[in-house]
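Read the structure below first, then the notes.
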Protein chains: 2
Amino acid sequence: MYTARDARQIARQDARPYSHILDKLRGAGLRPTRQRMALAKLLFEGGDRHLTAEMLHADAQAANVRVSLATVYNTLHQFHRAGLLREIVVDSQRSYFDTNMSDHHHFYFDRTGDLTDIPGDQVAISVLPPAPEGMAVSRIDVVVRVRPQDD
Amino acid sequence: MYTARDARQIARQDARPYSHILDKLRGAGLRPTRQRMALAKLLFEGGDRHLTAEMLHADAQAANVRVSLATVYNTLHQFHRAGLLREIVVDSQRSYFDTNMSDHHHFYFDRTGDLTDIPGDQVAISVLPPAPEGMAVSRIDVVVRVRPQDD
DNA sequence: GTCAAGTTTAGAATAATTTTAATTTAAATG
DNA sequence: CATTTAAATTAAAATTATTCTAAACTTGAC
Ligand SMILES: [Mn+2]
Ligand SMILES: [Mn+2]
Ligand SMILES: [Zn+2]
Ligand SMILES: [Zn+2]
């Protein structure tokens, strides 16, 4: 229904977004299917985002993109494996995905479940033990949990 | 079936563990019921532990303590609220509880799901942004994710 | 002992996520 | 283009972790 040719045609008229997204998928070795294109547009056009599968699914509905929740989950995991998304663990009940791939950390608002970025250069860890024998550090996550100044 | 009087009687014969645990529960304003005593013993006698509800439930079975999984969940949350346990978020699918209440951080072994402590004094954060307006920092979690030196 | 409040539990319910298996689509091939 | 094949999508069922419900016990006063 929506072919790569269509995408190229549209891209010609409004060059930036589609070709950017197309390249992103191609570069990741993922077929630019209709639903992946739509989800990628929602994810990557419009700044850094932190979202759950349900949130992205709701976004899609709101944009009149019909995608199953299973596909949203599949897509988020594929994008994650392809290095287009980060997975952030702040809530032990649901997964958040982060479109900001730069080195950074997070404020987590316990009350609301909101996440905001702390740019990498605003955090410095000056002391850290060596990784355990035979292990390599794959990532260091700093989560600053905050709440309103009462309670 | 198991009264405070029983507990005191047993405590007299083998003074340390029971009275220690009893005090812990009393201090937290929690009734020392049979199941809470047993779970507290499993949790707090025998060094620092990181465990899930399922793990504690299995521990209880192995020790011939019959407790429902619902009670294990209830107890973990009560202990957490009472400040006897920490909840650690490293896996977005399950909750871990930590009996080590001192200021410390963690290595997380992605492959195996294991957690090990990094003593508080082995981590120093020398740069950190101020908390957002009207917010107070409730905790800073540093998780060092590690994996075998290949892949 | 009596009683009220707190606790336990089996089982049902919920929420997030994954799996299954049938159907559709994308890209490669001729 | 038409054909073919592998990959992707999806509705629906299944799974996993966790919470809720409501009835049956305990606990700690009095
Ligand atoms: Mn889940
Ligand atoms: Mn869950
Ligand atoms: Zn982020
Ligand atoms: Zn710990």
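Per chain, numbering begins at 1; letters A, B, ... match sequence-line order.
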### Query
Between A:Ala53 and A:Leu69, which heavy-atom pair has the shortest distance, and what is it?
O-CD1, 4.2 Å

### Task
For A:Ala58, check side chain to side chain contact (heavy atoms under 4.5 Å, CB included) against everything at least two apart and list the hits.
none

### Task
Answer yes or no: does a side-chain N or O of B:Thr33 lie under 4.0 Å from OP1 or OP2 of C:dG6?
no

### Query
When the nearest nucleotide of DNA chain D is assigned to B:Thr52 and to B:Arg31 on a heavy-atom basis, which residue is associated with the more 5' position?
B:Thr52

#### Entry: Atom pair distance, as rounded to whole Å: CZ in B:Arg34 and P in D:dA24
18 Å

### Query
Does B:His104 have any ring pair (Phe, Tyr, Trp, His ring centres under 6.0 Å) partners at least two apart in sequence or in another chain, and if so, which?
B:His106

## Note on the structure
B:Leu25 CG to D:dT26 C1', in whole Å, measures 15 Å

### Summary
Between CG of B:Leu30 and P of D:dG28 the distance, given in whole Å, is 11 Å

### Message
Measure CD/A:Gln93 against P/D:dT18 and give the value in whole Å, please.
### Response
6 Å

### side chain to side chain contact (heavy atoms under 4.5 Å, CB included) involving B:Met101 - partner list, sequence neighbours excluded
B:Arg86

### Task
Report the hydrophobic cluster partners of A:Val90, with the cluster defined as I, L, V, M, F, W, Y residues connected by side-chain heavy atoms closer than 4.5 angstrom, directly or transitively.
A:Ile88, A:Tyr96, A:Tyr108, A:Leu115, A:Val143

### Message
Could you work out, with side-chain hydrogen bond (donor to acceptor under 3.5 Å, both in side chains) as the rule, every residue matching A:Gln78, not counting sequence neighbours?
### Response
A:Arg36

### Message
For A:Glu87 and A:Ser95: C-alpha separation, side-chain torsions, deciding distance, then whether side-chain hydrogen bond (donor to acceptor under 3.5 Å, both in side chains) applies.
### Response
CA-CA 7 Å; A:Glu87 194 169 357; A:Ser95 276; 2.8 Å; yes

### Message
By the 4.0 Å heavy-atom rule, please label A:Ser95 as base, sugar-phosphate, or nothing.
### Response
sugar-phosphate

### Task
Would you classify A:Arg94 as touching base, sugar-phosphate or nothing, given that sugar-phosphate means primed atoms plus P, OP1 and OP2, and contacts are heavy atoms under 4.0 Å?
sugar-phosphate

### Query
Reckon A:Gln35 has a side-chain N or O less than 4.0 Å from the OP1 or OP2 of D:dT9?
yes

### Task
Please list residues of residues 71-81 of chain A whose heavy atoms come under 4.0 Å from any atom in DNA chain C, ordered by number; otherwise none.
A:Tyr73, A:His77

#### Entry: Whole-Å distance separating the CE atom of B:Met37 from the C1' atom of C:dT7
15 Å

### Distance in angstrom units between A:Tyr96 OH and C:dA16 P, rounded
10 Å

### Step-by-step side chain to side chain contact (heavy atoms under 4.5 Å, CB included) determination, A:His105 to A:Val144
CA-CA 8 Å; A:His105 299 283; A:Val144 180; over 6 Å; no

### Task
Mind grabbing the angle between the end helix axes of the helix from C:dG1-D:dC30 to C:dG30-D:dC1? Five pairs an end, 10° rounding.
30°

### Task
Could you tell me whether the phosphate oxygens of D:dA8, OP1 or OP2, come under 4.0 Å of any side-chain nitrogen or oxygen in A:Arg36?
yes

Tabulate protein N/O versus nucleotide N/O from nucleotides 11-15 of chain D, keeping only pairs under 3.5 Å, one per line.
none

### Query
What integer distance in Å separates A:His57:NE2 from C:dT17:P?
13 Å

### Query
Does any pair with a residue in residues 134-146 of chain B pass side chain to side chain donor-acceptor pair (under 3.5 Å), and if so which ones, sequence neighbours excluded?
A:Asp141-B:Arg145, A:Arg145-B:Asp141, B:Arg139-B:Asp141

### Task
Output all residues satisfying salt bridge (charged side-chain N to carboxylate O under 4.0 Å, His left out) with B:Asp91, sequence neighbours left out; order by chain, then residue number.
B:Arg94

### Qualifying residues under side chain to side chain contact (heavy atoms under 4.5 Å, CB included), relative to B:Pro119, sequence neighbours excluded
B:Asp121, B:Gln122

### Task
Provide the full list of salt bridge (Lys or Arg N to Asp or Glu O under 4.0 Å) pairs with a residue in residues 51-66 of chain B, sequence neighbours left out, each pair given once.
B:Arg49-B:Asp59

